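Note that the structure is a prediction, hence the values are computed from the model and not measured. Each chain gets a letter, A, B and so on, in the order its sequence line appears, and its residues count up from 1.
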Number of protein chains: 2
Amino acid sequence: MTEKQILKSSLKLFNERGYHDVGMREIARELNLSPGNVTYYFKKKDDILFTLLQEYSDQNTTFYEKYHTESASIAGFLGLMKNIFYSQYQYRGVYIGNYIVQKEFQSTDSINYKSTSERRKQTFQKMFTDLRAEGHINANDDDIDFLVSFITLFGRFWISEATIFDKSPDVTQAIKHYIRLLVKELSLFATERGKLSIEQFKKEEFG
Amino acid sequence: MTEKQILKSSLKLFNERGYHDVGMREIARELNLSPGNVTYYFKKKDDILFTLLQEYSDQNTTFYEKYHTESASIAGFLGLMKNIFYSQYQYRGVYIGNYIVQKEFQSTDSINYKSTSERRKQTFQKMFTDLRAEGHINANDDDIDFLVSFITLFGRFWISEATIFDKSPDVTQAIKHYIRLLVKELSLFATERGKLSIEQFKKEEFG
DNA sequence: GTCTATACAAGGATAGAC
DNA sequence: GTCTATCCTTGTATAGAC
């Protein structure tokens, strides 16, 4: 299906050279289409972007849903974050452009990014509260607010740092690095039970 | 001087509406100049950007230098970060665009952003080591690496989060919020002496 | 419904007159 | 040092072939 191919090629090109440096004509050329034909499927270049961001968002939603079927644990939480991180890497070409997300953020006819991001924040709030209830972390409400702020900023921008400051990052290594930072932060609040969960995750993940 | 005025107007417009949505013709109109005259001072639009980033970088360098004349303390460190944060806000129009910094990062004939950012990382490393030596924080080498990674990412992207997700942020409030997060992170490693320094900073800062 | 060809507007960049 | 005129690229819209 042509539409799917356009999305696939676009993402590939965006990842390679960034959203702004890839033109509609180039996307068309990649698929041996006429430029106008790309426009037939996506009236505006931004529409390609929004669709890709929607794909990304949907993919993550399934990760969150999967997490919520298990009982809360730090190991489970770290596994979730790892999945999300890979997803972000996959869509880095559209994800790291703040200017773009800003536009998308302000567009009314598209996904409501603000409410999505607000919802994610509440999701994290609940996750940490659950981790506390399960005896995995030792944190008061203020600590949890801090952790939410931390994970929100960290989870949104690690990929920007990795992509901007490291031209051809080894994905696996990069993600390991950032997951380690996450582990470190969580271990500052972990109970004995939480620490065990972390050790379990580390053993599976880092060997 | 025309060149200074171009820089000033450009930054104002970039801050208001973002780099991409401001055209050369518009910058010219703002100053009642012809578009070609702007080009006389800055051959490319990117050159305006690079010059502004250089200004920003220079301004920060003076903050760092000032900090190093005092003996290390958490309060002093937080004061430094506050200065930097205001500076970042001032230049947010050029600073938050990752795509731009990426280009700048890769350009060879301009400021060497990579070495600058590498140097800043080493600077933070030294700062935390000094804080440990002064008995303000209790941290092993691994902890310090973590703190450096934290401050690097956090200090680079808080402004993106603030600007993207909050259309017209109250600067003072926003900066207070992010400084509080910093305080929280540092207090996890603070010694008794460090905690006193933090209290002192809080009293001066938050009243 | 799919696709090609083409035209148009906006913005960055350049050359040359004054 | 300043300005006008012009070019080129890129996003976007449309008319029409199959």
Side-chain angles (χ1 to χ4, degrees), chain A residues 1-54 93-94 97-110, chain B residues 1-54 93-94 97-110:
Chain A
M1 200 183 177
T2 314
E3 188 180 337
K4 291 282 173 209
Q5 285 179 324
I6 292 174
L7 289 172
K8 197 180 161 194
S9 292
S10 299
L11 181 57
K12 176 173 156 270
L13 291 170
F14 294 159
N15 281 345
E16 282 169 8
R17 303 210 315 283
Y19 180 72
H20 295 93
D21 292 344
V22 177
M24 294 291 268
R25 287 164 179 81
E26 195 176 351
I27 295 170
R29 199 183 324 127
E30 180 91 1
L31 293 164
N32 288 316
L33 296 175
S34 75
N37 196 14
V38 175
T39 306
Y40 170 72
Y41 288 99
F42 298 95
K43 290 233 171 304
K44 311 168 100 178
K45 189 184 171 191
D46 280 358
D47 289 341
I48 300 180
L49 183 79
F50 294 163
T51 308
L52 287 170
L53 279 172
Q54 184 67 62
V94 297
N98 291 332
Y99 141 81
I100 302 162
V101 178
Q102 198 169 10
K103 274 178 91 172
E104 204 270 346
F105 192 65
Q106 284 153 5
S107 88
T108 45
D109 49 48
S110 180
Chain B
M1 200 182 176
T2 315
E3 187 179 338
K4 291 282 174 210
Q5 285 179 324
I6 293 173
L7 288 171
K8 198 180 161 195
S9 291
S10 299
L11 181 57
K12 177 173 156 272
L13 291 171
F14 293 160
N15 282 344
E16 282 169 8
R17 303 210 315 283
Y19 181 72
H20 295 93
D21 292 345
V22 177
M24 294 292 268
R25 288 166 178 80
E26 196 176 351
I27 295 170
R29 201 183 322 127
E30 180 90 0
L31 293 164
N32 287 318
L33 295 175
S34 75
N37 196 14
V38 176
T39 305
Y40 171 73
Y41 288 99
F42 299 96
K43 291 231 172 304
K44 311 168 99 180
K45 190 185 171 189
D46 280 359
D47 288 341
I48 300 180
L49 183 79
F50 294 164
T51 308
L52 287 170
L53 279 173
Q54 184 67 62
V94 297
N98 290 332
Y99 142 80
I100 302 162
V101 179
Q102 197 169 10
K103 276 178 90 172
E104 205 269 346
F105 191 67
Q106 284 153 5
S107 88
T108 46
D109 49 46
S110 179

Whole angstrom is fine here: how far is it from [atom1] in [X] over to [atom2] in [N]?
| X | N | atom1 | atom2 | result |
| --- | --- | --- | --- | --- |
| D46(B) | dA13(C) | CG | P | 7 Å |
| Q5(A) | dT2(C) | CD | C1' | 13 Å |
| D21(A) | dG12(C) | CG | P | 14 Å |
| L13(A) | dT10(D) | CG | P | 13 Å |
| Y40(A) | dT2(C) | OH | C1' | 6 Å |
| K43(A) | dT14(D) | NZ | P | 9 Å |
| Y41(A) | dA13(D) | OH | P | 18 Å |
| I48(A) | dG11(D) | CD1 | C1' | 11 Å |

>> With nearest nucleotide decided by heavy atoms, which residue, R25(B) or T2(A), maps closer to the 5′ end of DNA chain C?
In response: T2(A)
>> From the set dT12(D), dG1(D), dA13(C), return the single nucleotide nearest to any side-chain atom of K44(A).
In response: dT12(D)
>> So if I take every side-chain heavy atom of M24(A) and compare against dG12(C), dG11(D), dC3(C), which nucleotide ends up nearest?
In response: dG11(D)
What's the separation between atom [atom1] in [X] and atom [atom2] in [Y], rounded to the nearest 0.5 Å?
| X | Y | atom1 | atom2 | result |
| --- | --- | --- | --- | --- |
| I6(A) | T2(A) | CD1 | OG1 | 6.5 Å |
| I27(B) | Y41(B) | CD1 | OH | 14.5 Å |
| E26(B) | D21(B) | CD | CG | 9.0 Å |
| N37(B) | M24(B) | CG | CE | 10.5 Å |
| T39(A) | I48(A) | OG1 | CD1 | 8.5 Å |

>> By the definition side chain to side chain donor-acceptor pair (under 3.5 Å), identify the one residue from K8(A), K12(A), Q5(A), R25(A) that meets it with E30(A).
In response: K12(A)
> Under a 4.0 Å heavy-atom cut-off, which of residues 27-39 of chain A touch DNA chain C?
Replying inline: L33(A), S34(A), G36(A), N37(A)
> Cation over ring, K45(A) on Y19(A), under 6.0 Å and within 45°?
Replying inline: yes
